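What follows is a short report on a single structure.
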Amino acid sequence: QVQLVESGGGLVQAGGSLRLSCAASGRTIFIYVMGWFRQAPGKEREFVAAINRSGGITYYSDSVKGRFTISRDNAKNTVYLQMNALKPEDTAVYYCAADRDILTAEAMGTMSPKSLDYWGQGTQVTVSS
């Protein structure tokens with residue numbers, strides 16, 4: 001069992017940056033593929049980025065590729081999402097997710113969010129134009 005807590009959300013102007021953090025407790029996150037998802041009002045939860053267990057391989061949605069960077073520090077049991085060049089359409093609640101059975105970061109990007117094992121409570125990101 002693992003508990004995930006996101007932080008770092010807030011209000012930022014278009015073109016600005018934010019860094020989200022996902023702190024895990026309960027078990028070491030080394031055994032989990034980790035990822036970030038987001039959900040805007042009235043829309044389904046969508047994949048943003050994922051990272052494999054060692055941190056050497058990442059996978060991004062086309063909408064954030066080149067602007068967002070996912071990373072992890074297994075010693076600190078934390079996953080990060082650096083978001084640059086933010087756009088109003090990035091406005092959403094951002095969720096951290098973990099799954100032990102997934103083998104690759106790309107797999108997390110292709111699976112239904114409903115099938116993932118663990119979720120945080122989310123952090124709001126609002127980008128003003």
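Computed from a prediction, not measured in an experiment: that's the story for all the values here.
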Checklist entry - Could you walk me through whether Trp36 and Cys96 pass the side-chain contact (heavy atoms from CB on, under 4.5 Å) check? => result CA-CA 5 Å; Trp36 288 93; Cys96 179; 4.2 Å; yes
Next on the checklist: Gln124 vs Leu11, test: side-chain contact (heavy atoms from CB on, under 4.5 Å). Steps then yes/no.
Outcome noted: CA-CA 8 Å; Gln124 176 70 47; Leu11 174 64; over 6 Å; no
Checklist entry - After noting the C-alpha distance and the side-chain angles of Tyr59 and Thr104, does the key distance pass the side-chain contact (heavy atoms from CB on, under 4.5 Å) rule? => result CA-CA 9 Å; Tyr59 184 71; Thr104 67; over 6 Å; no
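Considering every non-hydrogen atom in both Ala49 and Leu81, the closest pair reads CB-CD1, 4.2 Å. Between Asn84 and Ser17, the closest heavy-atom pair is OD1-OG, 2.9 Å. In plain terms, the two heavy atoms of Ser129 and Ala14 that are nearest each other are CA-CB, 4.4 Å. Nearest heavy-atom pair, Trp119 versus Pro113, reported as atom, atom and distance to 0.1 Å: CZ2-O, 3.2 Å.
With contacts defined as side-chain heavy-atom distances shorter than 4.5 Å, the pair Leu4/Tyr95 does not qualify. Side chains of Ser21 and Lys76 form no contact here, defined as non-hydrogen atoms less than 4.5 Å apart. With a 4.5 Å cut-off on side-chain heavy atoms, Met108 and Tyr32 do not count as touching.
How far CG of Asp90 is from OG of Ser63: 7.0 Å, rounded to the nearest 0.5 Å. In this structure, CZ on Arg38 lies 13.0 Å from CZ on Arg45, to the nearest 0.5 angstrom. Between the CG atom of Asp101 and the OG atom of Ser115 there is a distance of 10.0 Å, given to the nearest 0.5 Å. Note that CD of Glu44 and OG of Ser112 are 8.5 Å apart. Values are rounded to the nearest 0.5 Å.
Ile57 CD1: 12 or fewer foreign heavy atoms inside a 6.0 Å radius.
In the hydrophobic clustering of ILVMFWY residues, with side-chain heavy atoms under 4.5 Å counting as a link, Val33 and Met111 come out together. The cluster map of Ile, Leu, Val, Met, Phe, Trp and Tyr, joined by side-chain heavy atoms under 4.5 Å apart, puts Ile51 and Leu116 in different clusters. In the hydrophobic clustering of ILVMFWY residues, with side-chain heavy atoms under 4.5 Å counting as a link, Leu20 and Met34 come out together. Val93 is connected to Phe47 through a chain of hydrophobic side-chain contacts under 4.5 Å among Ile, Leu, Val, Met, Phe, Trp and Tyr, so both are in one cluster. Note: the hydrophobic cluster containing Tyr60 also contains Leu18 (ILVMFWY, side chain heavy atoms under 4.5 Å, direct or indirect links).
For Thr78 (side chain) and Ala23 (main-chain N/O), no donor-acceptor pair under 3.5 Å exists by modelled atom type. In this structure, the side chain of Glu6 does not engage the main chain of Thr123 through any donor-acceptor pair within 3.5 Å. Without hydrogens or angle criteria, Asp99 side chain to Asp117 main chain gives a donor-acceptor distance under 3.5 Å. The backbone N or O of Arg100 lies less than 3.5 Å from a partner atom in the side chain of Arg53, making a donor-acceptor pair. Counting only distance, with no hydrogens or angles, the side chain of Arg72 and the backbone of Asn52 share a donor-acceptor pair below 3.5 Å. Of the possible polar contacts, one joining the Arg67 side chain to the Ala85 backbone as a donor-acceptor pair under 3.5 Å is found.
Between Lys65 and Asp62 there is a salt bridge, since a side-chain N of the basic residue sits under 4.0 Å from a carboxylate O of the acidic one.
Looking at Ile70, Thr69, Val125 one by one, the single match for side chain to side chain contact (heavy atoms under 4.5 Å, CB included) with Met83 turns out to be Val125.
Taking the six-membered ring where tryptophan is involved, the planes of Tyr94 and Phe68 are tilted, since the angle between them lies from 30° to 60°.
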